[in-house]
Structures are given as C-alpha cells and as structure tokens.
Novice: 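Sharing a structure here in structure tokens format.
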Protein chains: 2
Amino acid sequence: MSHTSGVRQAQKQQTRQALLDAGLRLLEHQNLSSLGLRELTRAVGVSPAAFYRHFPDMADLGVALVGESLGSLHAVIRAVMAETTDSGDIIDRTVAVTERYVAEHRPHIRFIARERYGGVRAVREAIAAELHRFADEVAVGLATQPASAGWSPGDLRVLAELYVDHMVMTAAAFLEAEPDDDAARRRITHAARLRMRIISIGRAHWLDEQG
Amino acid sequence: MSHTSGVRQAQKQQTRQALLDAGLRLLEHQNLSSLGLRELTRAVGVSPAAFYRHFPDMADLGVALVGESLGSLHAVIRAVMAETTDSGDIIDRTVAVTERYVAEHRPHIRFIARERYGGVRAVREAIAAELHRFADEVAVGLATQPASAGWSPGDLRVLAELYVDHMVMTAAAFLEAEPDDDAARRRITHAARLRMRIISIGRAHWLDEQG
DNA sequence: TCATTCAGTAAACAACCGTTCGCCGACTTT
DNA sequence: AAAGTCGGCGAACGGTTGTTTACTGAATGA
C-alpha cells in the first residue's frame, strides 16, 4: 500500500517543483525545444540523472508546466462568466482580470504564448486542449445569457472561441509591454475594451442583420 | 566598384537561398533557438564554416526568413483593401485570400506563428514590426471607407489591429488543420467569416451606442 | 529491529556543438 | 595575362549534450 503523504513523497514533490520552477525561469529567454536537461538540473542543483526520477523527458515537463500555468484560470473564467451583469461592466472586469492574471503569472503566460505554436507537439496539444476547455466554459456561460436567444449552438461556440482568442491576444499584448510601463498598460487596456465592445455590439445586432 | 550581378554573386545567392530553404524545412518540426548550425549546413550539403559567409548567426537567418515570409503579403493586403466593395463580399474575399496564402506558404506561416513569441528577440521584433506595418496599411484602407466617418484615428487604429490579429488567428487555425482535411478547412472558413461579420456589424453600430 | 524501497549521486559513454584557422581555386578586376 | 577578391573547405579547438550504470543512504513497512 502506498501512502499519499510522508516525508518521502514531500521531498520528491519538492525537487519536482524545483525543476518546474527553474524550468519556467529558464524558459523566459528560450524555447522548450532548446532547454537542455543538464542546463536545467544544473540550475536546480541536482544531478542530471535525477531528472528522470520525475519526468521521462523534457516534453513531459512542458506538459506539466501547461497544467500549472492554465489550471487555475478555469476557476477565474467561470467566476467572471457567473457575474451576469450583462452590461459593459463585465467587459471592464474581464480586461482587468486578464491584466491582473498576466501580471501575477507573467512567466507562466509567457511560456504558454511561446509554446502554443512551438516545436514540441505534446505541449502544443496540451495547450490546445486547455484553450478548448476554456471555450467550452465560455460557451456554457454565454448560453445562459438572454442575449444569446436565437443563436445556434455552433455559432455560439464560434463566439465563445472568439472571446477566448481575444483574451489570449490581450494577454500577449500585456506580455509584450514592460511590466512597469503604465502608459503602455493603459493603452492595451483601452484597446482591449474597445475590441470587446465592438464584438459585443456585433453580437447584439447579429440577428437583426440576418433577416 | 561592385557589380550587382555576375557569376560570383549569383552563386552566393544560390547557397544563401539554399540555407534559407533548408532552414525553413527544418523549422517545421522545431524552434529557431534549437536549430543547430551544423544541422543546417549538413542539410544543405556545405561545410559549417560556409554559413558565416552569409549570416553572422542563426538569429540573422531568422530575420531574413521573416522578410521572406511576410514581404509578399503587403501587396496582397493592399490589393484586398483596395476592393472597397464595402459589403460582406470583401469578408469572403479576405478569408479566401488568407486560406490561399497559408496553403501556398505553409512553412513560412508556420515559422511566423512559431517565432512570433519565440525565444529569439531579434526575430520577435522583426515579426512585430511587419505586423505593425500591416496594421498601418489596413488603417489607411479603413480611413478611406465611408463607414469610418466619425471614428477617431486612435480607435480606427485599434480596429485595424483587430483585423490584423484576426487574420493571424485565422491563419493559425488553418495551420493546425491538416492541409487535405476539407471538412476542417470549411469549418475554419465558416468561423472566420462569422467572426468578421460580427466585428463589421459592431463597427457599423459603434457610433450609435456612443451617444 | 531488520529488510526493503527509492530519490539522488558520481562517473563514464559516444556523439555533437559553435567557432576559428589557413588554404584552395574559381571568378573578377586591372 | 597578372594580381586580387572571396565563397567554400577540411581540420582542429575546447566544451557541451542526453543517457546509462552501479552505488549510497535515508525514509519506510513488517
């Protein structure tokens, strides 16, 4: 029988986390496909062979980083979607939440942007799967709104994906600006709000134009 | 005095192009930051030292690839913008042109998507500069349209960037689908058109909502 | 208490890396 | 025809890479 906790497991988790942390730090300036195993273990302060006690290869560490980066975002998204204020207020909230999440998880989000179309298939697919789940959640949230009356499920799904893609786009914009460049951050916030308003207005008048 | 043409220059250009071609091929399955110099010269069939006759380092080859990938797109974009049909027809044209360009320059576009937020700063900046120019051109095109009356230059610029980002988004979607998966291609085309229509409708009603 | 498990180690492996050097030979200029 | 230019080559440089091996010693379970 294996215990779920214990000194053994805790210590193992600790170096595993150290590998993830050091990896994330090193990946701020390079791609996963060029991150060396020895380079990583050297940064952590363990022997190269120790790596294999935790991950079969680098791609696997990358997949773990995807989970760590986007796992906590699901709750955030559902929380924002739950506020069915339905007015323009939710737009400001969405943009503000995005800005805050990027600020607090900058290396994680950088990693996601960098590897979304990167050279490691397993990581690309893991990211795509997470974004797919995001779109699912947004689609569910949209479906409950009165403004979605008359929309086909397929078109609603497209709209949900547009919102998710827009969130990624906005996050990437915040990434490109220096963290302390307030002017740039305000410019990005303004642009993001404007884009979301345009999309929302288009959504509201979509059915009229169809007639 | 240096001749612009001649056997010498032509032969040099030839191996330079061979380096770019082989690089693009190798970069279909990895990132620029992990592409080895020897790996590249081996694929071309020249000695490692020959590389330095054409590029100071790999980042420089990457920048050259950016130019090769996006250079010919400016003319395409301006051509599409010039068709001021102003109706929903231009949307179908835009999506069709995007699909065609991706199909005909698949490795180039993959390279752009992969390195847009990649680990090589010089390449990231080169791509950002090109996309900035695209937005400039779209903004100029939009300004001439009657539908842009009453729009501030700043907001018009945001709209232009939204269109460019949307084009990139659509191109990436075509990339992710297999080239011969007609069903997927049709799905992506449908979604892209729907998104563009939503944005266009939002644009048309933007000024009403402001009052 | 004693046997077992297992995360981490040190060492060795062959293979590969980017870069520099002097040299060659075909093209180009005078 | 002679002198100069220069793209490409082969060889060598020190250093790094991922992976396997047998091992140690502390946490574990009986």
Side-chain angles (χ1 to χ4, degrees), chain A residues 1-23 25-27 29-65 115 118-123, chain B residues 1-23 25-27 29-65 115 118-123:
Chain A
M1 189 63 75
S2 63
H3 271 342
T4 52
S5 77
V7 182
R8 219 36 170 316
Q9 303 260 357
Q11 283 174 342
K12 179 167 184 178
Q13 280 305 111
Q14 196 172 321
T15 70
R16 185 190 135 100
Q17 193 57 48
L19 284 168
L20 290 171
D21 292 348
R25 189 171 56 82
L26 291 169
L27 287 171
H29 300 289
Q30 63 184 311
N31 273 107
L32 182 63
S33 61
S34 69
L35 174 59
L37 183 148
R38 295 184 102 103
E39 179 186 9
L40 175 61
T41 56
R42 199 184 310 127
V44 173
V46 283
S47 76
F51 176 86
Y52 296 103
R53 301 291 184 194
H54 304 274
F55 307 99
D57 52 31
M58 268 303 170
D60 218 72
L61 179 136
V63 171
L65 276 178
E115 300 301 330
V120 184
R121 164 181 283 261
V123 173
Chain B
M1 186 65 76
S2 63
H3 272 343
T4 54
S5 77
V7 181
R8 217 38 171 312
Q9 303 258 358
Q11 284 174 342
K12 179 168 184 178
Q13 280 305 111
Q14 195 171 323
T15 70
R16 186 190 135 101
Q17 192 57 47
L19 285 168
L20 290 171
D21 293 348
R25 189 170 56 81
L26 292 169
L27 287 171
H29 299 290
Q30 62 184 314
N31 273 106
L32 182 64
S33 61
S34 69
L35 173 60
L37 183 147
R38 294 183 102 105
E39 179 186 8
L40 175 61
T41 56
R42 198 184 311 128
V44 173
V46 286
S47 77
F51 176 86
Y52 296 101
R53 301 291 186 193
H54 302 275
F55 306 99
D57 52 31
M58 267 304 170
D60 218 74
L61 178 135
V63 172
L65 276 179
E115 301 301 329
V120 183
R121 164 180 283 261
V123 173

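In what follows, chains are A, B, ... by sequence order, proteins preceding strands, each numbered from 1.
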Novice: Minimum heavy-atom separation for A:Val120 to A:Ala59, with atom names?
Specialist: CG1-CB, 3.7 Å
Novice: Whole-Å distance between D:dT19 P and A:Phe55 CZ?
Specialist: 14 Å
Novice: Between P on D:dG8 and CD on B:Gln13, what's the gap in Å once rounded to a whole number?
Specialist: 10 Å
Novice: So which nucleotide from C:dT9, D:dT28, C:dT28 ends up closest to the side chain of A:Val7?
Specialist: D:dT28
Novice: Search all heavy atoms of B:Ser33 against all heavy atoms of A:Asn31 and return the closest pair with its distance.
Specialist: OG-CB, 3.4 Å
Novice: Ignoring backbone atoms, test whether A:Arg42 places a side-chain nitrogen or oxygen under 4.0 Å from the OP1 or OP2 oxygen of D:dT17.
Specialist: yes
Novice: Between atom CG of B:Asp60 and atom CG of B:Leu65, what is the distance when rounded to the nearest 0.5 Å?
Specialist: 10.5 Å
Novice: Does any non-hydrogen side-chain atom of A:Phe55 lie less than 4.5 Å from one of A:Leu20?
Specialist: yes
Novice: Which whole-number value in Å describes the distance from A:Arg8 CZ to D:dG29 P?
Specialist: 9 Å
Novice: Indicate the atoms forming the closest heavy-atom contact of B:Ser34 with B:Glu39, along with that distance.
Specialist: O-OE1, 4.1 Å
Novice: What is the separation between atom NE2 on B:His54 and atom P on D:dC6, rounded to the nearest whole Å?
Specialist: 13 Å
Novice: Might you point out which heavy atoms bring A:Leu40 and A:Leu26 nearest each other, and give the distance in Å?
Specialist: CA-CD1, 4.0 Å
Novice: One pair to check against side-chain contact (heavy atoms from CB on, under 4.5 Å): B:Lys12 and B:His54. What are the steps and the verdict?
Specialist: CA-CA 8 Å; B:Lys12 179 168 184 178; B:His54 302 275; 3.4 Å; yes
Novice: How many Å lie between CZ on A:Arg16 and C1' on C:dC6, as a whole number?
Specialist: 17 Å
Novice: From D:dT19, C:dC27, C:dC21, pick the nucleotide closest to the side chain of B:Ala49?
Specialist: C:dC21
Novice: Side-chain donor or acceptor of B:Arg53 under 3.5 Å from a matching atom on the base of D:dC6?
Specialist: no
Novice: Can you list every stem that DNA chain C is part of, counting only runs of 3 or more consecutive Watson-Crick or G-U wobble pairs with both distances under 3.5 Å?
Specialist: C:1-12 with D:19-30, C:14-17 with D:14-17, C:19-30 with D:1-12
Novice: Could you give the CG-to-P distance, from B:Asp60 to C:dG18, as a whole number of Å?
Specialist: 16 Å
Novice: Any side-chain N or O of A:Tyr52 below 4.0 angstrom from OP1/OP2 of D:dT20?
Specialist: no
Novice: Please give, in whole Å, the distance from D:dT28 P to A:Lys12 NZ?
Specialist: 13 Å
Novice: Might you point out which heavy atoms bring A:Leu37 and A:Met58 nearest each other, and give the distance in Å?
Specialist: CA-CE, 3.6 Å
Novice: Report yes if some heavy atom in the side chain of A:Val44 is under 4.5 Å from a heavy atom in the side chain of A:Thr41; otherwise report no.
Specialist: no
Novice: Enumerate the residues from residues 33-41 of chain B whose closest heavy atom to DNA chain C is under 4.0 Å, giving them by residue number; use none for an empty result.
Specialist: B:Gly36, B:Leu37, B:Arg38
Novice: Does C:dG8 have OP1 or OP2 sitting under 4.0 Å from an N or O in the side chain of A:Thr15?
Specialist: yes
Novice: Choose from D:dG7, D:dT19, C:dA7 the nucleotide whose nearest atom is closest to any side-chain atom of A:Pro48.
Specialist: D:dT19
Novice: Which heavy-atom pair separates A:Gly62 from A:Leu32 by the least distance, and what is that distance?
Specialist: CA-CD2, 3.9 Å
Novice: By nearest nucleotide on DNA chain C, pick out whichever of B:Asp57 and A:Gln11 is the more 5' one.
Specialist: A:Gln11
